[in-house]
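Just below is one structure, and these are the notes that go with it.
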Amino acid sequence: MIEGRHDLHRPPLNPREKLLITFASFTLLWTVWTPGNARPWAMTGSAILSGVTFLLLFAPLGRAAEGTARANLRHLLRSPIFWLGFGLVAYVGIQALNKSYSVVDTAGGSVRILSHKPIPWLPSGMLAPLRMEGTGQMLLVFLGIWPAASAVAAGLRRRSAQQALLWVISVSSSLWALLGMAQRITDTSKMLWLTDSGAVNKGFFATLTNPNHAAALLNLGLIATLTLFLRGFSDGRYSLMRGGPHLLCIPLTLACLAGLLLAASRAGLVVAAAILVAFLAVGLVRLFAALRNDKRSLVVLAVVCAMVGIGVAGVAASVDWRMIEREWRSAWAVAEDPASDLRYDFNRATVDLIAMRPAYGWGMGTYRYYIQQTQYKYESLKQLSLNKNRKLRRQIMFAHNDYLQYLAELGWTGYSFILGFFAYAGWKILTRLHRAGAGLVFATLGMLAFLPHAALEFFFYRPAVLMQFCLLSVVLLKLIDLEGSRQTRSAERDAQGL
């Protein structure tokens with residue numbers, strides 16, 4: 001069943017599917033909306049909710065649901081997402097158990113680093129209290145994501161179920177953007193007006209301490225929202241004249257864009273512009289095809305454009321354009337001379353660190369402890385590490401390039417699981433995307449525009465962004481698979497336990 005051809009007699013979602021959608025949504029919302037979302041209690045809550053979502057694949061829900069439980073187990077064991085995630089979690093678990101060092105609290109309130117003798121032929125890491133960056137903390141982060149992502153991949157095998165999660169991501173991101181806007185308007189220094197943000201110069205946005213990371217989360221929400229709009233517009237039951245739920249995506253999109261402008265992240269704005277270009281390229285082709293069949297849609301199109309214009313004017317009136325201009329000038333200067341940016345030296349120091357232990361890496365979450373071995377070779381990083389401002393010194397704790405930092409901490413052995421996921425996604429796109437609709441073509445282009453941003457930041461170390469990225473990726477890959485597969489109908493029957 002290809003986008004635009006809908007079976008009006010398809011059966012409703014079964015109870016197990018509804019529970020999976022509900023708990024997967026709770027897991028996402030908890031991870032995104034908890035303040036800071038990198039605190040032990042927040043990460044523990046995500047892991048518990050994610051574990052419950054996974055167990056719902058097989059939970060006894062009566063005799064009528066026995067067929068879906070057996071089908072879920074079969075699909076789980078065939079799922080590359082489950083096995084790749086299992087391999088990564090197991091690898092980080094070995095690093096945590098086979099520790100080279102551990103950080104322990106002392107009676108005086110300080111910490112002490114203890115040396116251990118790990119098994120030399122296994123990967124090792126550093127175990128620290130969960131409030132501190134370390135292998136144990138990152139293991140807890142992954143346990144809050146992998147079970148839920150596996151449950152979505154194996155247990156939701158109908159497009160309506162996956163699309164329900166797309167709506168959750170879209171609405172959550174838009175409301176999250178409105179929260180950030182409200183905080184900026186009230187000029188509060190506390191996250192959710194309750195807790196200290198720990199950010200530099202009140203630079204936090206909504207529940208994240210770094211506006212660059214907030215921009216990444218909003219761009220993922222923007223991709224989900226625009227995908228829903230194109231999928232709804234391509235639906236044979238709706239059009240601009242008849243309306244439909246996809247028209248709700250217009251205010252949701254404006255909310256995400258307003259949040260991006262207020263966050264004022266240079267790279268985030270560039271990525272947002274690339275996403276909008278992809279949307280216009282795909283959407284205009286689809287729009288012109290629809291207008292040929294329904295001339296009355298021109299009237300509604302004019303009304304929609306007027307609504308968008310009013311929304312854009314409202315956003316423009318509330319944005320500090322001078323700040324955005326400064327950010328763009330700074331970004332252009334870096335593009336002309338990459339060596340002028342600190343990230344250039346961060347990358348060189350991280351490559352040196354990778355070369356010292358390429359096979360197994362230094363341990364997930366341990367970059368901040370080991371980068372000192374190579375950072376002092378570069379004057380800019382040396383000066384930053386000596387800065388009197390503690391919050392500015394924290395910049396040295398991350399590579400500002402997630403791909404290199406993950407490689408330094410995992411080594412090529414652990415990194416192979418991440419490369420395996422991207423290879424699986426590429427294979428699905430190459431073999432199935434040509435049969436999918438305009439919405440999924442745009443989503444693929446949007447995600448490709450998003451990925452380079454991770455080479456400039458460390459937002460994949462923030463549970464909220466990593467969770468939203470993983471869940472959105474799984475949903476989009478599943479939709480591409482369902483719409484591009486000739487076995488879609490049998491898969492939907494299987495989801496009903498038939």
Side-chain angles (χ1 to χ4, degrees), residues 1-2 6-28 46-90 93 142-169 417 420-421 424-425 427-428 431-432 435-436 467 470-498:
M1 292 165 61
I2 306 302
H6 290 261
D7 182 4
L8 299 179
H9 303 289
R10 61 188 175 190
L13 297 176
N14 62 47
R16 192 183 301 278
E17 287 175 318
K18 292 178 181 178
L19 282 173
L20 285 171
I21 293 170
T22 300
F23 276 87
S25 301
F26 282 159
T27 306
L28 172 71
S46 296
I48 292 172
L49 286 170
S50 185
V52 171
T53 306
F54 183 82
L55 291 177
L56 285 173
L57 285 171
F58 322 108
L61 300 177
R63 182 171 297 180
E66 289 180 2
T68 60
R70 289 192 297 269
N72 287 344
L73 178 60
R74 185 169 65 252
H75 283 272
L76 182 72
L77 295 177
R78 295 175 181 174
S79 172
I81 291 174
F82 168 75
W83 288 112
L84 289 168
F86 175 80
L88 180 61
V89 169
F142 290 159
L143 286 175
I145 297 173
W146 164 64
S150 299
V152 170
L156 300 179
R157 298 184 295 279
R158 286 192 289 170
R159 292 170 300 163
S160 55
Q162 297 290 348
Q163 190 152 302
L165 285 178
L166 265 187
W167 276 108
V168 172
I169 295 172
F417 296 107
F421 171 77
Y424 168 72
W427 175 69
K428 285 293 182 185
T431 58
R432 300 289 173 83
R435 294 178 181 171
M467 164 64 84
C470 291
L471 199 60
L472 179 59
S473 298
V474 170
V475 167
L476 294 177
L477 285 174
K478 195 67 180 180
L479 284 170
I480 289 173
D481 190 32
L482 290 174
E483 295 198 354
S485 174
R486 296 177 179 177
Q487 299 177 352
T488 299
R489 295 195 178 201
S490 62
E492 292 191 351
R493 288 197 302 270
D494 192 38
Q496 291 293 313
L498 301 176

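Side chains are part of it too, since the values below use all heavy atoms of this structure and drop only hydrogens, waters and symmetry mates.
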Are the side chain of Asn72 and the backbone of Leu57 linked by a donor-acceptor contact shorter than 3.5 Å?
yes

Side-chain ion pair, Arg432 and Glu483, N-O less than 4.0 Å:
no

Side-chain contact, heavy-atom cut-off 4.5 Å: Trp146 with Leu88?
no

Least distance between heavy atoms, Ala149 atom then Val474 atom
O-CG1, 3.8 Å

Taking side chain to side chain donor-acceptor pair (under 3.5 Å) as the definition, give me every residue that meets it alongside Ser50, ordered by chain and number, with sequence neighbours left out.
none

Heavy-atom side-chain contact between Glu17 and Arg157 under 4.5 Å
no

Scanning both residues in full, the closest heavy-atom pair of Ala153 with Ile81 reads CB-CD1, 4.0 Å

Under 30°, 30 to 60°, or over 60°: which ring-plane class applies to Phe54 and Phe82, parallel, tilted or perpendicular?
parallel

Straight-line distance of Lys478 NZ to Ser79 OG, nearest 0.5 Å
7.0 Å

For the CD1 atom of Ile169 and the OG atom of Ser25, what is their distance to the nearest 0.5 Å?
8.5 Å

Could you check if a side-chain atom of Met467 sits within less than 4.5 angstrom of a side-chain atom of Leu28, using non-hydrogen atoms only?
yes

Who are the ring-ring contact (aromatic ring centres under 6.0 Å, His included) partners of Phe421, not counting sequence neighbours?
none

Are Pro147 and Thr53 side-chain neighbours, meaning at least one heavy-atom pair lies under 4.5 Å?
no

When rounded to the nearest 0.5 angstrom, what is the spacing between CG in Leu165 and OG in Ser160?
10.5 Å

Using a cut-off of 6.0 Å, state whether more than 12 heavy atoms not belonging to Phe26 lie near its atom CZ.
no

Report yes if some heavy atom in the side chain of Leu477 is under 4.5 Å from a heavy atom in the side chain of Tyr424; otherwise report no.
yes

Kindly indicate whether the side chain of Leu56, heavy atoms from C-beta on, has any atom under 4.5 Å from the side chain of Arg16.
no

Under 3.5 Å, side chain of Gln162 to main-chain N/O of Leu156, donor-acceptor pair present?
yes

Do Leu166 and Leu479 have side chains that approach each other closer than 4.5 Å (heavy atoms only, starting at C-beta)?
yes

Working note: Leu482 + Arg158, criterion side-chain contact (heavy atoms from CB on, under 4.5 Å); need CA distance, chi angles, decisive distance, verdict.
CA-CA 7 Å; Leu482 290 174; Arg158 286 192 289 170; 5.5 Å; no

Output all residues satisfying side chain to side chain donor-acceptor pair (under 3.5 Å) with Trp167, sequence neighbours left out; order by chain, then residue number.
none

Minimal non-hydrogen separation, Ala24 against Leu471, with atom names:
O-CD2, 4.4 Å

Val152 versus Leu20: any side-chain heavy-atom pair under 4.5 Å?
no

Could you tell me whether the side chain of Thr27 and the main chain of Phe23 form a donor-acceptor pair under 3.5 Å?
yes

